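Residue numbers count from 1 along this sequence. Owing to the predicted nature of the structure, the values given are computational and were not obtained by experimental measurement.
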Amino acid sequence: MSPLVLEAAATDTALHSIATPGLWIGTIAAVIGLLIFDFIVTRKPHEVSFKEAVGWSIFYIAIPLAFGAWVWAAHGSDIGVKYYTGYIVEKSLSVDNLFVFILILSAFAVPRVLQQRVLLIGVAGAIVLRGIFIALGAGLIATFDWTFLLFGAILLATAIKVYRDARSDHDEEIDPSQMRIVKVLSRFFPVSGEYEGTKATVIRNGRRALTPLALVMAAIIVTDVVFAVDSVPAVYGITADPYLVFATNAFALLGLRALYFVLEGALSKLVHLGYGLSIILGFIGVKLVLHWAHGVWPGVPTVPTTWSLLVIIGVLAITTATSLRASKRMEREEAIAAAAAHHGFVDPTPEPASDHPRD
C-alpha cells in the first residue's frame with residue numbers, strides 16, 4: 001500500500017506521510033496498550049525506588065530507539081534522521097516539563113505513593129491533547145501556506161520566554177488556590193481536604209466531592225495544553241509528516257512517569273537547561289521561517305535535518321556539561337561558606353566566674 005498523502009484542493013501544499021492506515025492503527029493500539037499496561041502496573045500505590053524508575057526508563061527509551069531503527073531500515077536514512085531528531089527534541093522538552101510537574105506535585109503536597117498515578121494521568125491526557133494538536137497542525141499545513149511562519153513565530157516567542165525564565169533569579173512557586181482550573185472546579189464542586197488513595201471523588205454529606213487528587217490531575221492536564229503549544233510546532237519544524245510527529249510525541253511522553261523519579265534529584269543540577277532549550281526552540285523557529293520563505297522565494301536557503309540533529313545534540317551536550325560544572329562550583333562555594341561560618345562561630349554562653357579572683 002502506498003504512503004498516505006494529504007492534499008489541499010485550495011493550495012499546492014501536500015503532506016507526505018510514511019504511514020499506511022494499518023500503521024496508524026497499529027501505533028495507536030500500541031500506545032493505548034502501553035498506557036493500559038502502565039495503569040495495571042501502578043494500580044497499587046507505592047513509592048517508586050530509583051532502581052525501579054531506571055528500569056522502566058530504559059524500557060521506554062529502548063522502544064522508540066528500536067522503532068527508529070525500523071523506520072530507518074524501511075524508509076531510508078533521511079526519514080530515520082528526521083524521526084530521531086524529532087524524538088530527541090521532544091524528549092528534551094519533556095525534561096523541561098518535569099520542572100513544572102515537580103512544582104505542581106509539591107504545591108499540592110501529593111503523597112509520594114500517589115505521585116506516579118498523577119503523572120500517568122497527566123501522560124495519558126497529554127497524549128490525547130497532542131493528538132488533537134497534531135491533527136489541527138496537519139490540517140493547517142495542508143490548507144494554509146503561512147502555517148510554517150505561524151509555527152516559527154510561536155517557537156521564537158516561546159524561546160524568548162524560556163530564556164527570560166532561565167535568567168530570572170526568582171524561584172518559581174505555585175499557589176494551588178490561585179490556579180484558574182482549581183478556582184473553576186471549586187466553584188462547581190465541593191473539595192475534600194484530604195487525599196483518599198487513588199479516588200478522585202468521594203461522597204461527603206450526601207454530595208459528590210472532589211479530592212485533592214482530582215485537582216492536581218486537572219492542573220497537570222491543563223499544563224499539558226501549554227506544553228503542546230510549543231512541542232507540536234517544534235517537531236513540525238523537523239518533519240511535516242503527522243505520523244512521525246505523533247510517534248515522537250507519544251514515545252517521549254510514555255516514559256515521562258519513570259523519568260520523573262530518575263531525574264527528580266538531578267533536575268536541580270541542570271541549571272543551564274533553560275538556556276539550551278531556548279536556543280533549540282529559537283533554532284527550530286528560524287528553521288520554520290526559512291522553510292516558509294523558501295516556498296515563497298526559492299532562493300532562500302533551508303536548514304538540512306542532519307544539521308538540525310547536530311545542533312540539537314551539541315546544544316544539549318554543552319548545556320548539560322556547563323550545568324554540572326556550575327552546580328559543582330556552587331556546591332563547593334556553599335561548602336566553603338558553611339565551613340567559614342562554622343570556623344568563626346563564637347559561643348555566646350559566658351564562662352562561669354572563678355572562685356579565686358586574680359591577684
(request) Quick one: closest heavy-atom pair of Val162 and Gly274, and the distance? (result) CG1-O, 3.2 Å

(message) With a 4.5 Å cut-off on side-chain heavy-atom distances among I, L, V, M, F, W and Y, is there a chain of contacts connecting Ile221 to Leu136?
(response) no

(request) Using the six-membered ring wherever Trp is involved, compare the ring planes of Tyr275 and Tyr163 and label them parallel, tilted or perpendicular (cut-offs 30° and 60°). (result) perpendicular

(message) Hydrophobic clusters here meaning ILVMFWY residues chained together by side-chain heavy-atom distances under 4.5 Å, can you tell me if Leu310 and Val303 are in one?
(response) no

(message) Using side-chain heavy atoms (C-beta onward) and a distance below 4.5 Å, is Tyr87 in contact with Ile61?
(response) yes

(message) In this structure, would Trp307 and Leu309 fall into the same cluster of hydrophobic residues linked by side-chain contacts under 4.5 Å?
(response) yes

(message) Between Ser106 and Ile102 (side chain of the first, backbone of the second, donor and acceptor by atom type, cut-off under 3.5 Å), is there such a pair?
(response) no

(message) With rounding to the nearest 0.5 angstrom, report the CZ to CG distance, Phe189 to Leu215.
(response) 11.0 Å

(message) Could you check whether Lys82 pairs with Asp241 (Lys NZ or Arg NE/NH1/NH2 to Asp/Glu carboxylate O, under 4.0 Å)?
(response) no

(request) Would you give the length of the straight line joining atom CZ of Arg257 to atom OG of Ser57, rounded to the nearest 0.5 angstrom? (result) 8.5 Å

(request) Step through the shown structure and confirm whether more than 12 heavy atoms of other residues, nucleotides or ligands are within 6.0 Å of CZ on Arg112. (result) yes

(message) Holding to side-chain contact (heavy atoms from CB on, under 4.5 Å), I want the full list of residues that pass it with Thr302, two or more places apart in sequence or in another chain.
(response) His294

(message) Whether the Thr147 and Tyr236 side chains hold a donor-acceptor pair (N or O, under 3.5 Å, no angle test) is what I'd like checked.
(response) no

(request) Could you check whether the rings of Phe59 and Phe37 sit parallel, tilted or perpendicular, using 30° and 60° as the cut-offs? (result) tilted

(request) Measure the spacing between CZ of Arg117 and CG of Asp38 and express it to the nearest 0.5 Å. (result) 9.5 Å

(message) I want to check something: taking the side chain as every heavy atom from C-beta on, are Val262 and Trp56 in contact at a cut-off of under 4.5 Å?
(response) no

(request) Just do the ring-ring contact (aromatic ring centres under 6.0 Å, His included) check on Phe251 and Phe67 with the steps written out, would you? (result) CA-CA 10 Å; Phe251 284 139; Phe67 182 77; 5.4 Å; yes

(message) A side-chain contact here means heavy atoms from C-beta on lying under 4.5 Å apart; do Thr20 and Leu23 qualify?
(response) yes

(message) Taking the side chain as everything from C-beta on, heavy atoms only, tell me whether Trp292 gets closer than 4.5 Å to Phe151.
(response) no

(message) Just verifying a value: how many Å separate Leu65 CG and Tyr60 OH, rounded to the nearest 0.5 Å?
(response) 14.5 Å

(message) Would you say Leu120 ends up clustered with Val54 if hydrophobic residues are merged whenever their side chains have heavy atoms under 4.5 Å apart, either directly or through other cluster members?
(response) yes

(request) Find the distance between CD1 (Ile127) and CD1 (Ile132) and round it off to the nearest 0.5 Å. (result) 12.5 Å

(request) Taking all heavy atoms of Thr319 and all of Thr322, pick out the closest pair and write down the distance. (result) O-OG1, 3.1 Å

(message) If you compare all heavy atoms of Gln178 against all heavy atoms of Lys183, which two are closest, and at what distance to 0.1 Å?
(response) OE1-NZ, 3.5 Å

(message) Among residues at least two apart in sequence or on other chains, which ones pass salt bridge (charged side-chain N to carboxylate O under 4.0 Å, His left out) with Lys161?
(response) Asp165

(message) In this structure, would Met179 and Phe188 fall into the same cluster of hydrophobic residues linked by side-chain contacts under 4.5 Å?
(response) yes

(request) Determine whether Lys287 and Phe148 make a side-chain contact, defined as any pair of heavy atoms from C-beta on separated by less than 4.5 Å. (result) no

(request) Might you point out which heavy atoms bring Val245 and Thr239 nearest each other, and give the distance in Å? (result) CG2-O, 3.7 Å

(message) Are Ile280 and Leu316 packed together at the side-chain level, in the sense that at least one heavy-atom pair is separated by less than 4.5 angstrom?
(response) yes

(request) Would you mind listing every side chain to side chain donor-acceptor pair (under 3.5 Å) that reaches into residues 210-219, with sequence neighbours excluded? (result) none

(message) Is the shortest side-chain heavy-atom distance between Leu129 and Phe227 below 4.5 Å?
(response) no

(message) Rounded to the nearest 0.5 Å, what separates atom NE2 in His272 from atom CG in Leu324?
(response) 10.0 Å

(request) With the side chain counted from C-beta on, respond yes when Leu256 and Phe101 share a heavy-atom pair under 4.5 Å apart, and no when they do not. (result) yes

